[in-house]
Amino acid sequence: MYIEDVADHVGEKIEIRGWMFNKRSSGKIHFLQLRDGTGFIQAIVEKSSVDEEIFQIAASLRIESSVMIEGIIREDKRSPYGYEMDVKNIEVVQIPIEDYPISKKDHGVDFLMTNRHLWLRSKKQFHILLTRNEIIRAVREFYNLKKFVLVDTPILTGSIGECSGEVFDIEYFDLGKAYLAQTGQLYLEAAAMALGKVFNLGPTFRAEKSKTRRHLTEFWMNEAEMAYYSSDDNMEFQEELVSYVVKKVLERASDHLMAIDRDLKPLEKVKAPFPRMSYDEAIKLLQKKDFDIKWGDDIGGDEETGISEEFDKPVMVYNYPRNIKAFYMQPDPSNPEVVLCNDMLAPEGYGEIIGASQRIHDPDLLVERIKEFNLPVESYDWYIDLRKHGTVPHSGFGMGIERLVAWICKLDHIREAIPFARTIYRIHP
RNA sequence: UCCACCAUAGCUCAAUCGGUAGAGCAUCCGGCUGUUAACCGGAGGGUUGUAGGUUCAAGUCCUACUGGUGGAGCCA
């Protein structure tokens, strides 16, 4: 029997198997706070209504004792959970052999991350992880609904993906260096030519020495690639995806969000269509707001916030200068200085959650651009080859799962959006 | 890689101008039949990150190092 189901068993004697995360005692009564992974409940042990032996066992329980407790479920308005259990029997699995390091008072970031394996048991982390679970479920659901095919892209790669940032490398038998994937995009482009509309969802790795609340060295990304999609089709699809995910999370996880004091009102406004703003317009807006920025500069974190605070929905900034974007992005036919791309900026200061573009489909242009970026043409042989066999315009994007979770849960830092965060100076636990 | 900040009890923090190291929580003992980070009384718990320097005297000032945190660049 799980705690989430107790409402259906009022008046019955049931057994809960879990952990005691807190205890309060008053000499002749113990209040045991229990957790079993599905919820929380308070179990009452009264000296006058149980055997002396059971009462003594309750007295001996320490924080995080693992227990199997039998009792009768009762509705009770005094309980924050609405239900309580009158204990009849306690079977101890283990009484902890060391003090539990995570106390009821505040802790620092360093200490909590060092104890991440235990920190996961805390209430806030419980609610965040269950919300993450619903977010990922909704993402997968949306792609299935839209008849996309899941294509799992490799994590070990030979050539370097975007060749932008730093990569992790490892020795790969007699073949020299292999690299941990920074993106599955190139592989999804190949798959889109076979299957039309494809997506992936998996870990990606960036060895950049970023130390901010928005960066991890290992993070989960959802990427999609659609044959015959223009940049406009791409943007329309992204706003549908994000609207769907937020809607489903509100349906299925609003209890978790409220438990961590997430105000639901801003999320309820997240419905397609989203506002769109060209890079040109964004620069003008930022200049009007006294940012020190000119046409051709990239839009940084503070600037992103400057733009997104103008709207109460995610905003899509499109068509950036070609020089500050990746080599594979399709130039705008009406203005070759910009490329057909877009970033989606989440509201409430959370910044970029999606990076997207239409990809170059012309083989000659692609080679030209690879050379322009001083990249080794040889390592892109199969990528270029795709353009020689029935090439078509196509578009796609990557969405950062942890950034999505951080925004939806309104977290201060992305490290709480993933069970075991990998940051530049931390790989343990 | 660069910039800024932090390091004192198991945890979170205090310690005035450089002058004998403190509190809450946790732990242990005792009390309490409705507690909600329970509460009340008592006890134990310290080479102030490491190494050097200035000084009659350093947790406090200076230098280096180590570890951590936030940010820039880069990105999801």
Side-chain angles (χ1 to χ4, degrees), chain A residues 21-33 40-50 55 59 62-64 74 76-81 84 86 96 98-115 118-119 122-123 161-167 181-185 201-223 238 297-304 324-326 343-346 350-356 397-407 412-415 417-418 423-426:
Chain A
F21 65 90
N22 198 9
K23 179 176 74 173
R24 302 184 193 92
S25 296
S26 301
K28 289 175 183 159
I29 184 167
H30 297 296
F31 301 94
L32 313 179
Q33 311 296 320
F40 308 92
I41 195 168
Q42 176 164 269
I44 315 296
V45 189
E46 281 180 305
K47 195 178 175 77
S48 57
S49 58
V50 295
F55 192 80
R62 307 173 65 188
I63 301 290
E64 287 303 311
R74 169 170 53 70
D76 197 314
K77 290 201 176 90
R78 289 169 295 189
S79 162
Y81 313 115
E84 289 187 340
D86 285 323
E98 281 184 19
D99 295 343
Y100 190 61
I102 302 200
S103 76
K104 287 168 265 178
K105 291 267 181 156
D106 292 337
H107 293 284
V109 171
D110 186 24
F111 177 81
L112 287 171
M113 287 305 286
T114 300
N115 289 285
L118 301 175
W119 187 24
S122 302
K123 270 190 191 171
E162 298 188 22
C163 217
S164 50
E166 301 290 321
V167 289
Q182 291 181 301
T183 168
Q185 179 197 320
L201 179 55
T204 46
F205 307 87
R206 307 258 166 111
E208 278 142 26
K209 294 185 174 175
S210 301
K211 291 171 50 99
T212 79
R213 68 186 72 206
R214 304 185 309 281
H215 289 90
L216 297 169
T217 54
E218 176 182 301
F219 65 97
W220 282 61
M221 185 155 65
N222 157 234
E223 296 174 286
Q238 293 159 42
D297 292 343
D298 204 356
I299 293 175
D302 290 345
E303 286 86 17
E304 285 179 354
I324 57 173
K325 285 292 178 181
D343 285 353
M344 186 189 288
L345 310 180
Y350 279 87
E352 185 178 347
I353 51 172
I354 286 179
F397 62 90
M399 177 168 73
I401 295 294
E402 286 76 22
R403 287 187 178 179
L404 191 63
V405 173
W407 161 50
D412 293 334
H413 198 296
I414 197 170
R415 65 182 154 233
I418 187 168
T423 57
I424 168 167
Y425 292 126
R426 198 178 284 280

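A, B, ... follow the sequence lines: proteins, then strands. Residue 1 opens every chain.
- Of all nucleotides listed (B:C32, B:A72, B:G68), B:G68 comes nearest to the side chain of A:Y425.
- Within 4.0 Å (heavy atoms only), A:E84 reaches at least one base atom of the nucleic acid.
- Considering A:Q238, A:R403, A:E223 as possible partners of A:I354, the one that fulfils the side chain to side chain contact (heavy atoms under 4.5 Å, CB included) test is A:Q238.
- A:W119 places its CH2 atom 12 Å from the P atom of B:U12, with the value rounded to the nearest Å.
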Considering only nitrogen or oxygen atoms on both sides, find all protein atoms under 3.5 Å from nucleotides 1-5 of chain B and state each distance.
{"residue": "B:U1", "atom": "OP1", "partner": "A:K209", "partner atom": "NZ", "Å": "2.8"}
{"residue": "B:U1", "atom": "O4", "partner": "A:K209", "partner atom": "O", "Å": "3.0"}

task: For the pair A:Q33 and A:Q42, evaluate side chain to side chain donor-acceptor pair (under 3.5 Å) and give the outcome as yes or no after the intermediate values.
output: CA-CA 5 Å; A:Q33 311 296 320; A:Q42 176 164 269; 2.5 Å; yes

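- Among the nucleotides B:G68, B:U12, B:A76, the one closest to any side-chain atom of A:H107 is B:U12.
- Comparing B:C3 with B:G46, their P atoms are spaced 39 Å from each other, to the whole Å.
- For A:F219 and B:A76, the ring-to-base geometry satisfies the stacking test (centroid distance below 5.5 Å, interplanar angle below 30°).
- Of the listed nucleotides (B:U69, B:U33, B:A72), B:U69 has the atom at the smallest distance from the side chain of A:R415.
- Base pairing of B:C17 is not made with any nucleotide, judged by Watson-Crick or G-U wobble geometry with both donor-acceptor distances under 3.5 Å.
- Pairing of B:G41, defined by two Watson-Crick or G-U wobble distances under 3.5 Å, is identified with B:C29.
- Within the cation-pi definition used here (under 6.0 Å to the ring centroid, within 45° of the axis), A:K123 qualifies as a partner of A:F40.
- Look at A:R74 and A:D86 and you find a salt bridge, because one of the NZ, NE, NH1 or NH2 atoms lies within 4.0 Å of a carboxylate O, short of that distance.
- In this structure, the nucleotide among B:U69, B:G34, B:C11 sitting nearest to the side chain of A:F111 is B:C11.
- Nucleic acid contact for A:S48: base, since at least one base atom lies under 4.0 Å from a heavy atom of the residue.
- The side chain of A:R62 lies closest to B:C28, out of B:C28, B:G68, B:C32.
- Taking the side chain of A:R24 as heavy atoms from C-beta on, and the options B:U33, B:G73, B:U35, the nearest nucleotide is B:U35.
- In this structure, CD1 of A:I63 is placed 20 Å from P of B:G10, rounded to the nearest angstrom.
- Each of B:G71, B:C74, B:A26 was ranked by its minimum atom distance to the side chain of A:K104; first place goes to B:A26.
- With a cut-off of 3.5 Å on both pairing distances, the Watson-Crick or G-U wobble partner of B:U12 is B:A23.
- Distance from the side chain of A:H215 is smallest for B:A76 among the nucleotides B:C32, B:A76, B:U69.
- Considering only the side chain of A:F31, B:U35 comes nearest among B:U35, B:A37, B:A76.
- Closest to the side chain of A:R403, out of B:A76, B:G70, B:G71, is B:A76.
- One cannot find a donor-acceptor pair under 3.5 Å joining the base of B:U35 and the side-chain atoms of A:S25.
- Pair assignment for B:U66: B:A7, on the basis of Watson-Crick or G-U wobble contacts that are both within less than 3.5 Å.
- If you take atom C1' in B:C28 and the same atom in B:G44, they sit 8 Å apart, rounded to whole Å.
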